[in-house]
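A short worksheet on the structure shown next.
Remember, predicted model here, so these are calculated numbers, not experimental data. Note that these values count all heavy atoms, side chains included, but never hydrogens, waters or copies made by symmetry.
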Amino acid sequence: MEFGKGGIILGPSAFGRNQVYMHRVFPKWSSPILESVASIGLLFFLFLVGLELDLNSIRRTGKRAFVIAAAGISMPFILGIGIAYVFRKAVDGADKVGYIQYVVFMGVALSITAFPVLARILAELKLLTTRVGETAMAAAAFNDVAAWILLALAIALAGNGGDGPHKSPLISIWVLLSGVAFVAFMMVAIKPAMNWVARRCSPEQDTVDEAYICLTLGGVLVAGFVTDFIGIHAIFGAFVFGLTIPKGGDFAEKLIERIEDFVTGLLLPLYFASSGLKTDVAKIKGGKAWGLLVLVITTACTGKIVGTFTVAMMCMIPARESITLGVLMNTKGLVELIVLNIGKEKKVLNDEAFAILVLMALFTTFITTPTVMAIYKPARGFSARVDRRLQSASDTTKDELRVLACVHGPGSIPSLINLIESTRSTNKASKLKLYIMHLVELTERSSSIIMVQRLRKNGFPFINRLRRSGFHDRVAVTFEAYGQLGQVNVTPTTAVSPLPTMHEDICHVAEDKSVTMIILPFHKQWRRFNDHEEVENVGHGWRGVNQRVLKEAPCSVAVLLDRGYGGGAQMTPGPTSTAVQKVCVMFFGGPDDREALELGGRMAEHPAVNVTVITFVQKNEMDDLDLVLRPSPNKCRESNYTFTTAITNPQNEKVSFPFFSNNMIIYLIDCMTLFGY
């Protein structure tokens, strides 16, 4: 809804009060062009909504979602009858429109649930694949279908609103019957045809024929034209056509890839701007108008939340989940704006009523996320947390090293494979279990929501050994190939999450799979060329992810910093690796250094790895000397930094070298000499 707020700011409610600004930025001659482009964007957006909406989800959740959705529609719709009566008495000019038309539009405006907005809120809160999220999505899917049917009824009854001539009821009946015939034709004739097209574009085929993509996109325009010709709005045809596309296949993904960025990034903001130009908050004047706004908000929230909560409790859903369902079903958003714009276009809603209902939609959507977070935040902690270390591995897992390696993309794969291969023991009794987690930031894109539904279960990343990469994930394919060559048990998974909560997914998988070590990529990547190097910063958001994992992880954490020096020395996986890797372990003391030393000992077991350990010792007479650590002003660009000094235990340090290998060399260096004392 950020674009919606921006549209209101651009319109007469804020910047548009300056007439010079309006004539320069939005001259009158540009309005038809803006409206036309915005209508095309809206058409394809509703096609995407139909493409996301899976009607099978209603059948999977049974009667529960159907009953909850019915209550969430009926009670606000009934309350909307009273709101329509109050508006017709209190708002000037509202009584010029027929009472039935006004009641239907007001009922739809109060009872609708914005399915796309709800999906994104659930994905952001990591509730999309939980029981609450699945019930809410199924109920919202039914709600969306019912709302569009009611909207088609409202459009058929409205005609030209109060300004047009009186229309015979037979015409409205004809429009409704034509709409029903259109839906039946789409489901009986077009849906099987689209199933055939989807099979032709399945992953088993070498390529996806672009002609099918173009034909489908052209079908969106044709469906919109047909419903507009019937007398129902064009968006209804695009929505129904989206429902005919098979869900979860490669063809649907290709369609989304082709149009989602263009529609949501360019065309849809134009629709928000067009809607904002029609919204004038200044029309809400006096205490009576603001009282109507409070009344509408209270009625909409009460009808949705109380109706949904009551029926959910009757379905034996716990009270906290029931109230959460009510708040989630109260989400409005873009779909609400579409209904209101159609009502204004049909002259059913005047400027004052339109502005009141737009603010109601913005408010109800704005309060959804913080309210849900306040009343329903599933526990993501661990009841019996055990910090696992390389040194203190239990007897049951000592012969199997379990590692969770996280990657942002293909750039850090070579160095990560080198590191994993170095830790792989050639001893058949010692096994390496590798979990690869591809970290993907959650966005507003439709493809991101589909990834969440496919790759998460019960709110967390779904790990399935037999899962194939539906999105042609190069990361998973690469590591699966490495696992076959290096005889390593590799299990790929994907975490699609907002960056502030990405660490929850990482720590959950580490705890659930009894991982001994997590490997995180550094937030900077170096690329070396012949005579220079380039530094790529993937973002400070990823730096925050690393910091939160270091704080919350139930096991040892390693941060892989690849300076680009090892790009040419690629180790070949397998028992006969010949390329020699030279590893140096700097041992100052403390638990972190003992973990690094343990890892170095495992590396020393590999025949192609030579390990050098440099341990620093203090003279007895210098034990009380404090060393002050400062970053180099010539090499460090960071303005904020911290240093952590470990408290060493001499007795623990003495037993830190129980192993000696032909590939390990240990040096003892006087640290007072090293630091120049």
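The shortest distance between side-chain heavy atoms of L520 and I518 falls below 4.5 Å. Contact annotation: the side chain of V132 approaches that of L328 to within less than 4.5 Å [non-hydrogen atoms, C-beta and beyond]. Inter-residue side-chain proximity for I235 and F239 is flagged as unmet; no heavy-atom pair is nearer than 4.5 Å. Counting heavy atoms from C-beta outward, T364 and T331 have side chains that stay 4.5 Å or more apart. Considering only heavy atoms from C-beta on, I338 stays 4.5 Å or farther from N341 through its side chain. You'll find the side chain of K513 stays beyond 4.5 Å of the side chain of L404, heavy atoms only. Between T494 and M437 the shortest side-chain heavy-atom distance does not fall below 4.5 Å. T493 has its side chain out of reach of I436: every pair of non-hydrogen atoms, C-beta onward, lies at least 4.5 Å apart.
With hydrogens and angles disregarded, no donor-acceptor distance shorter than 3.5 Å links the side chain of K344 to the backbone of L349. Side-chain N or O atoms of T501 include none that pairs as donor or acceptor with a backbone N or O of E504 at under 3.5 Å. Looking at N546, its side chain never comes within 3.5 Å of a backbone N or O of F522 through a donor-acceptor pair. With T113 contributing its side chain and N143 its backbone, the two residues share no donor-acceptor pair below 3.5 Å.
The two residues A300 and N330 make their nearest non-hydrogen contact at O-OD1, 3.5 Å. For L499 against V545, the heavy-atom pair with the smallest separation is O-CG2, 3.5 Å. Nearest heavy atoms, I305 versus G326: CG1-O, 3.6 Å. Closest approach of L270 and L266 over heavy atoms only: CG-O, 3.4 Å. Taking all atoms of both residues into account, the shortest heavy-atom contact from A319 to F309 is O-CE1, 3.7 Å. In terms of heavy atoms, F47 sits closest to L255 at CZ-CD1, 4.2 Å.
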- Task: I would like to know whether Y376 and L125 meet side-chain contact (heavy atoms from CB on, under 4.5 Å); could you show each step before the answer?
- Result: CA-CA 10 Å; Y376 186 81; L125 297 177; over 6 Å; no

- From CA spacing to verdict: side-chain contact (heavy atoms from CB on, under 4.5 Å), V403, V515: CA-CA 6 Å; V403 177; V515 168; 5.5 Å; no

- Task: Show the numbers, then the answer: is there a side-chain contact (heavy atoms from CB on, under 4.5 Å) between L43 and S39?
- Result: CA-CA 6 Å; L43 202 68; S39 298; over 6 Å; no

- Query: Run the side-chain contact (heavy atoms from CB on, under 4.5 Å) check on L340 and E336 step by step: do they pass?
  - Reply: CA-CA 6 Å; L340 298 180; E336 173 82 359; 4.1 Å; yes

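Separation of atoms CG (L357) and CD (E352) is listed at 10.5 Å; rounding is to 0.5 Å. Rounding to the nearest 0.5 Å places OH of Y271 at 11.5 Å from CG of L34. Distance check: C507 SG to D512 CG gives 12.5 Å after rounding to the nearest 0.5 Å. H508 contributes atom NE2, which lies 10.0 Å from atom NZ of K126 (distance to the nearest 0.5 angstrom). The line from NE2 of H233 to CG of L42 is 6.5 Å long, rounded to the nearest 0.5 Å. Going from atom OG of S111 over to atom CE of M75 covers 13.0 Å, rounded to the nearest 0.5 Å.
T298 and T302 are not linked by any side-chain donor-acceptor pair at a separation below 3.5 angstrom, with hydrogens and angles left out of the test.
In terms of the side-chain contact (heavy atoms from CB on, under 4.5 Å) criterion, residue partners of T308 (sequence neighbours excluded) are, by chain and number, I68, L325, M329.
Taking the six-membered ring where the residue is Trp, W542 and H408 present tilted rings, their angle falling between 30° and 60°.
Within 6.0 Å of CZ on F363 lie no more than 12 heavy atoms contributed by other residues, nucleotides or ligands.
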